[in-house]
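Only one structure is covered here, and it is reproduced in the block below.
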Amino acid sequence: MGLINRRDATKLIGGAGVAAATVGVATGQAFAQSNAPRINRGARAKVIIIGGGAGGGTLAHVMRRGSPEIDVTIIEPKRIYTTCFFSNLYLGGLRPFESLEHDYKGLQSLGVNMVHEFAVAIDADRKFVRLRNGVSLAYDKLVLSPGIDFKYSAIPGYSRAAENVMPHAYKAGTQTKILASQLRAMPDGGVVVIAPPTNPFRCPPGPYERTCMIAHYLKNHKPRSKLILIDPKRSFSKRPLFMQAFNEDYKGIVEVHLTDDIDDQAIARVDPNTMQIVTKAGLKIKANVANIIPPQRAGAIARLSGCTEGDWCPVAADNFESTKVKDVYVIGDSSVAGDMPKSAFSANSQAKSVSNDLE
(Lines give C-alpha, C1' and ligand atoms only; values in the text may rest on other atoms or scores of the structure.)
Protein backbone atom coordinates (compact mmCIF):
# COMPACT_ATOMS: atom_id res chain seq x y z
CA MET A 1 0.00 0.00 0.00
CA GLY A 2 1.22 3.51 -0.70
CA LEU A 3 3.92 4.91 -2.97
CA ILE A 4 7.08 4.66 -0.87
CA ASN A 5 9.76 2.06 -1.38
CA ARG A 6 11.77 0.06 1.14
CA ARG A 7 14.95 2.08 0.59
CA ASP A 8 13.06 5.32 1.25
CA ALA A 9 11.41 3.82 4.32
CA THR A 10 14.76 2.79 5.74
CA LYS A 11 16.39 6.10 4.88
CA LEU A 12 13.67 8.47 6.04
CA ILE A 13 12.35 6.54 9.01
CA GLY A 14 15.69 5.08 9.94
CA GLY A 15 13.95 1.81 10.69
CA ALA A 16 10.67 2.79 12.29
CA GLY A 17 7.81 1.63 14.53
CA VAL A 18 4.05 1.22 14.48
CA ALA A 19 2.11 4.48 14.35
CA ALA A 20 -0.73 3.59 16.67
CA ALA A 21 -0.49 4.64 20.33
CA THR A 22 -3.26 4.53 22.90
CA VAL A 23 -3.88 7.90 24.51
CA GLY A 24 -6.34 9.54 26.85
CA VAL A 25 -6.97 13.11 27.96
CA ALA A 26 -6.39 14.54 31.39
CA THR A 27 -7.28 17.97 32.69
CA GLY A 28 -4.70 20.32 34.15
CA GLN A 29 -6.11 19.60 37.59
CA ALA A 30 -5.56 15.87 37.14
CA PHE A 31 -1.94 16.51 36.25
CA ALA A 32 -1.51 18.84 39.20
CA GLN A 33 -2.75 16.10 41.53
CA SER A 34 -0.48 13.48 39.98
CA ASN A 35 2.80 12.55 41.68
CA ALA A 36 4.21 11.28 38.41
CA PRO A 37 7.79 12.38 37.69
CA ARG A 38 8.35 14.84 34.85
CA ILE A 39 11.16 15.66 32.50
CA ASN A 40 12.29 19.25 32.99
CA ARG A 41 11.78 21.52 30.02
CA GLY A 42 15.33 22.87 30.16
CA ALA A 43 16.75 25.31 27.62
CA ARG A 44 16.33 23.22 24.47
CA ALA A 45 13.07 23.35 22.56
CA LYS A 46 11.23 20.04 22.87
CA VAL A 47 9.17 18.37 20.17
CA ILE A 48 7.25 15.21 21.03
CA ILE A 49 5.91 12.97 18.30
CA ILE A 50 3.33 10.32 19.19
CA GLY A 51 3.50 7.51 16.66
CA GLY A 52 6.60 6.31 14.83
CA GLY A 53 5.35 5.29 11.40
CA ALA A 54 5.95 6.88 8.02
CA GLY A 55 4.85 10.32 9.28
CA GLY A 56 6.33 10.39 12.76
CA GLY A 57 9.54 8.62 11.80
CA THR A 58 10.15 10.88 8.82
CA LEU A 59 9.53 14.02 10.89
CA ALA A 60 12.00 12.93 13.56
CA HIS A 61 14.60 12.09 10.92
CA VAL A 62 14.27 15.41 9.09
CA MET A 63 14.30 17.48 12.27
CA ARG A 64 17.40 15.84 13.69
CA ARG A 65 19.17 16.35 10.39
CA GLY A 66 18.08 19.95 9.96
CA SER A 67 17.83 21.24 13.54
CA PRO A 68 20.03 19.17 15.86
CA GLU A 69 19.59 21.77 18.60
CA ILE A 70 15.94 20.73 19.04
CA ASP A 71 15.18 17.85 21.40
CA VAL A 72 13.06 15.30 19.49
CA THR A 73 11.24 12.44 21.20
CA ILE A 74 9.07 9.72 19.66
CA ILE A 75 6.58 7.96 21.91
CA GLU A 76 5.90 4.57 20.34
CA PRO A 77 5.02 1.40 22.23
CA LYS A 78 6.32 -1.05 19.63
CA ARG A 79 9.99 -1.58 18.89
CA ILE A 80 9.49 -2.77 15.31
CA TYR A 81 7.58 -0.91 12.59
CA THR A 82 5.82 -3.24 10.16
CA THR A 83 4.78 -1.43 7.02
CA CYS A 84 1.33 -1.64 5.50
CA PHE A 85 2.84 -0.51 2.23
CA PHE A 86 4.22 -3.55 0.39
CA SER A 87 2.30 -5.91 2.67
CA ASN A 88 0.17 -6.88 -0.32
CA LEU A 89 3.31 -8.15 -2.05
CA TYR A 90 3.89 -10.41 0.94
CA LEU A 91 0.32 -11.69 0.70
CA GLY A 92 0.90 -12.41 -2.97
CA GLY A 93 4.03 -14.39 -2.19
CA LEU A 94 6.37 -11.88 -3.83
CA ARG A 95 8.43 -10.78 -0.83
CA PRO A 96 9.20 -12.07 2.68
CA PHE A 97 7.53 -10.73 5.79
CA GLU A 98 10.89 -9.63 7.18
CA SER A 99 11.18 -7.07 4.39
CA LEU A 100 8.25 -5.18 5.95
CA GLU A 101 9.95 -4.81 9.33
CA HIS A 102 12.12 -1.88 10.43
CA ASP A 103 13.71 -1.08 13.78
CA TYR A 104 14.57 2.30 15.30
CA LYS A 105 18.35 2.10 15.36
CA GLY A 106 18.70 4.60 12.52
CA LEU A 107 16.68 7.24 14.35
CA GLN A 108 18.46 6.60 17.62
CA SER A 109 21.82 7.05 15.91
CA LEU A 110 20.66 10.53 14.91
CA GLY A 111 19.90 11.42 18.52
CA VAL A 112 16.14 10.86 18.52
CA ASN A 113 14.85 9.91 21.97
CA MET A 114 12.84 6.71 21.62
CA VAL A 115 10.27 6.08 24.36
CA HIS A 116 8.73 2.63 23.92
CA GLU A 117 5.65 3.14 26.06
CA PHE A 118 1.98 4.01 25.68
CA ALA A 119 0.93 7.63 25.99
CA VAL A 120 -2.19 7.68 28.15
CA ALA A 121 -2.99 11.36 28.66
CA ILE A 122 -2.33 14.83 27.26
CA ASP A 123 -2.57 18.18 28.99
CA ALA A 124 -2.64 20.60 26.07
CA ASP A 125 -2.85 23.64 28.37
CA ARG A 126 0.23 22.80 30.40
CA LYS A 127 1.94 20.92 27.55
CA PHE A 128 2.58 17.53 29.07
CA VAL A 129 2.15 13.99 27.79
CA ARG A 130 1.74 11.33 30.44
CA LEU A 131 2.88 7.77 29.85
CA ARG A 132 1.40 4.53 31.12
CA ASN A 133 4.38 4.06 33.45
CA GLY A 134 3.54 7.33 35.25
CA VAL A 135 6.25 9.49 33.69
CA SER A 136 5.15 12.83 32.22
CA LEU A 137 7.05 14.45 29.34
CA ALA A 138 7.02 18.18 28.67
CA TYR A 139 6.79 19.55 25.15
CA ASP A 140 6.83 22.86 23.34
CA LYS A 141 5.22 21.39 20.23
CA LEU A 142 3.34 18.12 19.94
CA VAL A 143 2.84 16.15 16.72
CA LEU A 144 0.23 13.40 16.50
CA SER A 145 0.81 10.70 13.92
CA PRO A 146 -1.37 7.90 15.29
CA GLY A 147 -2.66 6.33 12.09
CA ILE A 148 -6.14 4.83 12.10
CA ASP A 149 -8.55 3.00 14.34
CA PHE A 150 -11.50 0.90 13.23
CA LYS A 151 -15.24 1.36 13.65
CA TYR A 152 -15.92 -2.28 14.41
CA SER A 153 -19.58 -1.79 15.28
CA ALA A 154 -20.29 -0.34 11.82
CA ILE A 155 -20.46 -3.93 10.53
CA PRO A 156 -23.06 -6.09 12.32
CA GLY A 157 -21.37 -9.24 13.57
CA TYR A 158 -17.85 -7.85 13.33
CA SER A 159 -15.76 -7.02 16.40
CA ARG A 160 -12.25 -6.75 17.73
CA ALA A 161 -12.38 -10.49 18.44
CA ALA A 162 -13.75 -11.26 14.97
CA GLU A 163 -10.72 -9.65 13.33
CA ASN A 164 -8.73 -12.75 14.28
CA VAL A 165 -11.11 -14.88 12.19
CA MET A 166 -11.94 -12.38 9.45
CA PRO A 167 -8.76 -10.29 9.44
CA HIS A 168 -8.66 -6.75 8.09
CA ALA A 169 -4.84 -6.74 7.79
CA TYR A 170 -5.03 -2.95 7.60
CA LYS A 171 -2.70 -2.55 10.56
CA ALA A 172 0.35 -4.52 9.57
CA GLY A 173 1.99 -7.15 11.73
CA THR A 174 -0.01 -9.93 13.35
CA GLN A 175 -3.03 -9.22 11.15
CA THR A 176 -0.92 -9.51 8.01
CA LYS A 177 0.37 -12.89 9.14
CA ILE A 178 -3.11 -14.15 9.98
CA LEU A 179 -4.44 -13.32 6.52
CA ALA A 180 -1.39 -14.85 4.82
CA SER A 181 -1.62 -18.06 6.86
CA GLN A 182 -5.31 -18.40 6.01
CA LEU A 183 -4.56 -18.02 2.31
CA ARG A 184 -1.76 -20.61 2.47
CA ALA A 185 -3.98 -23.08 4.35
CA MET A 186 -7.05 -22.64 2.13
CA PRO A 187 -7.76 -25.63 -0.14
CA ASP A 188 -7.60 -25.18 -3.88
CA GLY A 189 -11.12 -24.33 -4.98
CA GLY A 190 -11.76 -22.16 -1.93
CA VAL A 191 -13.38 -18.72 -1.85
CA VAL A 192 -11.64 -15.53 -0.75
CA VAL A 193 -13.74 -12.44 -0.02
CA ILE A 194 -12.32 -8.93 0.13
CA ALA A 195 -14.69 -6.27 1.50
CA PRO A 196 -13.28 -2.71 1.39
CA PRO A 197 -14.79 0.07 3.53
CA THR A 198 -16.57 3.28 2.65
CA ASN A 199 -14.56 6.45 2.03
CA PRO A 200 -12.39 7.86 3.47
CA PHE A 201 -9.93 5.17 4.50
CA ARG A 202 -6.22 4.40 4.60
CA CYS A 203 -4.60 3.89 1.18
CA PRO A 204 -7.53 4.10 -1.28
CA PRO A 205 -5.90 1.78 -3.86
CA GLY A 206 -4.91 -0.73 -1.15
CA PRO A 207 -7.84 -3.20 -1.31
CA TYR A 208 -7.58 -3.38 -5.11
CA GLU A 209 -3.83 -3.84 -5.05
CA ARG A 210 -4.52 -6.60 -2.54
CA THR A 211 -7.11 -8.13 -4.85
CA CYS A 212 -4.51 -8.32 -7.62
CA MET A 213 -1.79 -9.73 -5.39
CA ILE A 214 -4.00 -12.39 -3.81
CA ALA A 215 -5.38 -13.26 -7.26
CA HIS A 216 -1.78 -13.62 -8.43
CA TYR A 217 -1.14 -16.05 -5.58
CA LEU A 218 -4.30 -18.03 -6.37
CA LYS A 219 -3.52 -18.15 -10.09
CA ASN A 220 -0.11 -19.64 -9.41
CA HIS A 221 -0.84 -21.87 -6.44
CA LYS A 222 -4.60 -22.51 -6.18
CA PRO A 223 -6.01 -21.94 -9.69
CA ARG A 224 -9.43 -23.47 -9.00
CA SER A 225 -10.10 -20.85 -6.31
CA LYS A 226 -12.13 -17.66 -6.60
CA LEU A 227 -11.75 -14.16 -5.16
CA ILE A 228 -14.94 -12.14 -4.67
CA LEU A 229 -14.64 -8.37 -4.22
CA ILE A 230 -17.72 -6.77 -2.66
CA ASP A 231 -17.62 -2.99 -2.46
CA PRO A 232 -20.01 -0.50 -0.81
CA LYS A 233 -18.88 2.21 -3.26
CA ARG A 234 -19.94 2.92 -6.83
CA SER A 235 -16.34 3.35 -7.87
CA PHE A 236 -12.85 3.19 -6.41
CA SER A 237 -9.33 4.53 -6.81
CA LYS A 238 -7.78 3.83 -10.24
CA ARG A 239 -10.80 1.72 -11.19
CA PRO A 240 -10.13 1.47 -14.97
CA LEU A 241 -6.58 0.20 -14.36
CA PHE A 242 -7.63 -2.37 -11.79
CA MET A 243 -10.64 -3.55 -13.79
CA GLN A 244 -8.35 -4.13 -16.75
CA ALA A 245 -6.12 -6.30 -14.56
CA PHE A 246 -9.10 -8.20 -13.14
CA ASN A 247 -10.52 -8.88 -16.62
CA GLU A 248 -7.29 -9.63 -18.45
CA ASP A 249 -4.82 -11.07 -15.95
CA TYR A 250 -7.19 -12.67 -13.45
CA LYS A 251 -10.21 -13.54 -15.57
CA GLY A 252 -12.13 -16.42 -14.01
CA ILE A 253 -10.55 -15.78 -10.62
CA VAL A 254 -11.75 -12.29 -9.62
CA GLU A 255 -15.47 -11.55 -9.38
CA VAL A 256 -16.46 -7.92 -8.65
CA HIS A 257 -19.70 -6.73 -7.04
CA LEU A 258 -19.98 -2.93 -6.89
CA THR A 259 -22.80 -0.83 -5.50
CA ASP A 260 -24.98 0.63 -8.26
CA ASP A 261 -28.46 2.11 -8.73
CA ILE A 262 -30.08 -1.25 -7.94
CA ASP A 263 -27.79 -3.13 -5.58
CA ASP A 264 -26.09 -1.93 -2.40
CA GLN A 265 -23.12 -4.18 -1.76
CA ALA A 266 -22.33 -2.73 1.66
CA ILE A 267 -22.09 -5.48 4.26
CA ALA A 268 -25.37 -6.11 6.08
CA ARG A 269 -23.82 -8.63 8.48
CA VAL A 270 -21.02 -11.15 8.92
CA ASP A 271 -20.88 -14.35 10.93
CA PRO A 272 -17.34 -15.33 11.97
CA ASN A 273 -18.60 -18.74 13.14
CA THR A 274 -20.03 -19.77 9.76
CA MET A 275 -17.82 -17.46 7.65
CA GLN A 276 -20.89 -16.08 5.91
CA ILE A 277 -21.05 -12.54 4.53
CA VAL A 278 -24.37 -10.96 3.54
CA THR A 279 -24.66 -7.66 1.64
CA LYS A 280 -27.54 -5.22 1.82
CA ALA A 281 -28.47 -6.27 -1.72
CA GLY A 282 -28.99 -9.82 -0.45
CA LEU A 283 -25.81 -11.37 -1.82
CA LYS A 284 -24.77 -14.27 0.44
CA ILE A 285 -21.25 -15.66 0.34
CA LYS A 286 -19.69 -18.51 2.30
CA ALA A 287 -15.99 -17.72 2.47
CA ASN A 288 -12.95 -19.79 3.28
CA VAL A 289 -10.99 -16.58 3.81
CA ALA A 290 -12.70 -13.25 4.55
CA ASN A 291 -10.68 -10.03 4.46
CA ILE A 292 -13.16 -7.65 6.11
CA ILE A 293 -11.87 -4.05 6.25
CA PRO A 294 -14.07 -1.95 8.57
CA PRO A 295 -14.77 1.79 8.22
CA GLN A 296 -12.05 3.86 9.84
CA ARG A 297 -11.42 6.93 11.98
CA ALA A 298 -8.51 8.84 13.49
CA GLY A 299 -6.31 7.08 16.02
CA ALA A 300 -7.25 7.16 19.69
CA ILE A 301 -4.90 9.96 20.73
CA ALA A 302 -6.27 12.30 18.10
CA ARG A 303 -9.85 11.64 19.12
CA LEU A 304 -9.23 11.89 22.85
CA SER A 305 -7.01 14.96 22.64
CA GLY A 306 -9.83 17.07 21.23
CA CYS A 307 -8.32 17.36 17.76
CA THR A 308 -11.13 15.60 15.92
CA GLU A 309 -14.23 16.93 14.23
CA GLY A 310 -16.34 13.90 13.48
CA ASP A 311 -14.03 10.98 12.75
CA TRP A 312 -10.98 12.93 11.55
CA CYS A 313 -8.74 15.86 12.45
CA PRO A 314 -9.06 19.18 10.62
CA VAL A 315 -5.71 20.90 10.15
CA ALA A 316 -4.45 24.18 8.76
CA ALA A 317 -3.66 23.81 5.09
CA ASP A 318 -0.31 25.60 5.29
CA ASN A 319 1.35 23.76 8.20
CA PHE A 320 -0.90 20.89 9.43
CA GLU A 321 -1.43 22.47 12.83
CA SER A 322 -4.65 21.34 14.45
CA THR A 323 -7.48 23.83 14.04
CA LYS A 324 -8.85 22.60 17.37
CA VAL A 325 -5.85 22.53 19.73
CA LYS A 326 -2.99 25.05 19.80
CA ASP A 327 0.61 23.87 19.32
CA VAL A 328 -0.54 20.41 18.27
CA TYR A 329 0.01 19.16 14.73
CA VAL A 330 -1.65 16.17 13.10
CA ILE A 331 -0.11 14.34 10.18
CA GLY A 332 -0.78 11.12 8.32
CA ASP A 333 -3.98 9.13 8.13
CA SER A 334 -5.72 10.90 11.03
CA SER A 335 -5.67 14.32 9.39
CA VAL A 336 -8.06 15.89 6.90
CA ALA A 337 -5.52 17.17 4.41
CA GLY A 338 -7.56 18.41 1.47
CA ASP A 339 -7.21 16.19 -1.58
CA MET A 340 -4.23 14.28 -0.18
CA PRO A 341 -5.07 10.59 0.21
CA LYS A 342 -4.48 8.78 3.48
CA SER A 343 -1.22 7.05 2.59
CA ALA A 344 2.38 6.60 3.70
CA PHE A 345 3.48 8.83 0.82
CA SER A 346 1.20 11.63 2.07
CA ALA A 347 2.37 11.17 5.67
CA ASN A 348 5.97 11.39 4.51
CA SER A 349 5.30 14.63 2.60
CA GLN A 350 3.30 16.15 5.46
CA ALA A 351 6.11 15.41 7.91
CA LYS A 352 8.55 17.36 5.78
CA SER A 353 6.15 20.29 5.65
CA VAL A 354 5.64 20.29 9.42
CA SER A 355 9.40 20.19 9.99
CA ASN A 356 9.68 23.59 8.29
CA ASP A 357 7.22 25.04 10.78
CA LEU A 358 8.90 23.51 13.82
CA GLU A 359 12.53 24.20 13.02
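Source: prediction; values computed, not measured.
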**Message:** Taking the side chain as everything from C-beta on, heavy atoms only, tell me whether Ile155 gets closer than 4.5 Å to Met166.
**Reply:** no
**Message:** Evaluate Asp261 against Arg234 for salt bridge (charged side-chain N to carboxylate O under 4.0 Å, His left out), listing each step before the verdict.
**Reply:** CA-CA 9 Å; Asp261 291 335; Arg234 292 175 178 268; 2.8 Å; yes
**Request:** Evaluate the side-chain contact (heavy atoms from CB on, under 4.5 Å) criterion for residues Tyr104 and Lys78: first the C-alpha distance (whole Å), next the side-chain angles of each, then the deciding distance (0.1 Å), finally the verdict.
**Result:** CA-CA 10 Å; Tyr104 283 102; Lys78 294 192 176 181; over 6 Å; no
**Message:** The criterion is ring pair (Phe, Tyr, Trp, His ring centres under 6.0 Å); which residues satisfy it with Phe201, sequence neighbours excluded?
**Reply:** none
**Asked** With a 3.5 Å cut-off and no angle check, do the side chains of Lys352 and Asn348 form a donor-acceptor pair?
**Response** yes
**Complete:** Hits for side chain to side chain contact (heavy atoms under 4.5 Å, CB included) against Ser237, two or more places apart or cross-chain, chain-then-number order -> Pro204, Pro205
**Request:** Could you tell me which residues satisfy ring pair (Phe, Tyr, Trp, His ring centres under 6.0 Å) with Tyr158, sequence neighbours excluded, listed by chain and number?
**Result:** none
**Asked** To the nearest 0.5 Å, what is the distance between OG (Ser145) and OH (Tyr329)?
**Response** 15.0 Å
**Request:** Output all residues satisfying side chain to side chain donor-acceptor pair (under 3.5 Å) with Asp327, sequence neighbours left out; order by chain, then residue number.
**Result:** Lys127, Lys141
**Message:** Would the distance check show the side chain of Glu209 and the main-chain N or O of Asn88 forming a donor-acceptor pair, the cut-off being under 3.5 Å?
**Reply:** no
**Prompt:** Does the Arg95 side chain pair with the main chain of Phe86, one donor and one acceptor, at a distance under 3.5 Å?
**Reply:** no
**Prompt:** Around Arg184, counting heavy atoms of other residues, nucleotides and ligands shown, do more than 12 lie under 6.0 Å from its CZ?
**Reply:** yes
**Item:** Any donor-acceptor N/O pair, Ser67 side chain to Ile70 backbone, under 3.5 Å
**Value:** no
**Message:** Regarding Asp149 and Lys171, does a basic nitrogen lie under 4.0 Å from an acidic carboxylate oxygen?
**Reply:** yes
**Prompt:** Parallel under 30°, tilted from 30 to 60°, perpendicular over 60°: which one fits the rings of Phe236 and Tyr208?
**Reply:** parallel
**Complete:** Sorted by chain and number, sequence neighbours left out, ring pair (Phe, Tyr, Trp, His ring centres under 6.0 Å) with His168 holds for Phe150
**Asked** Judged by atom type as modelled, is there a donor-acceptor pair below 3.5 Å linking the side chain of Ser334 to the main-chain atoms of Gly147?
**Response** yes
**Request:** Check ring pair (Phe, Tyr, Trp, His ring centres under 6.0 Å) between Tyr250 and all other residues, then give those that pass, not counting sequence neighbours.
**Result:** none
**Prompt:** Is Gln175 reaching over with its side chain to a backbone N or O of Glu163, donor-acceptor style, under 3.5 angstrom?
**Reply:** yes
**Request:** Write down the atom of Ala337, the atom of Gln350, and the distance for their closest heavy-atom approach.
**Result:** CB-NE2, 3.7 Å
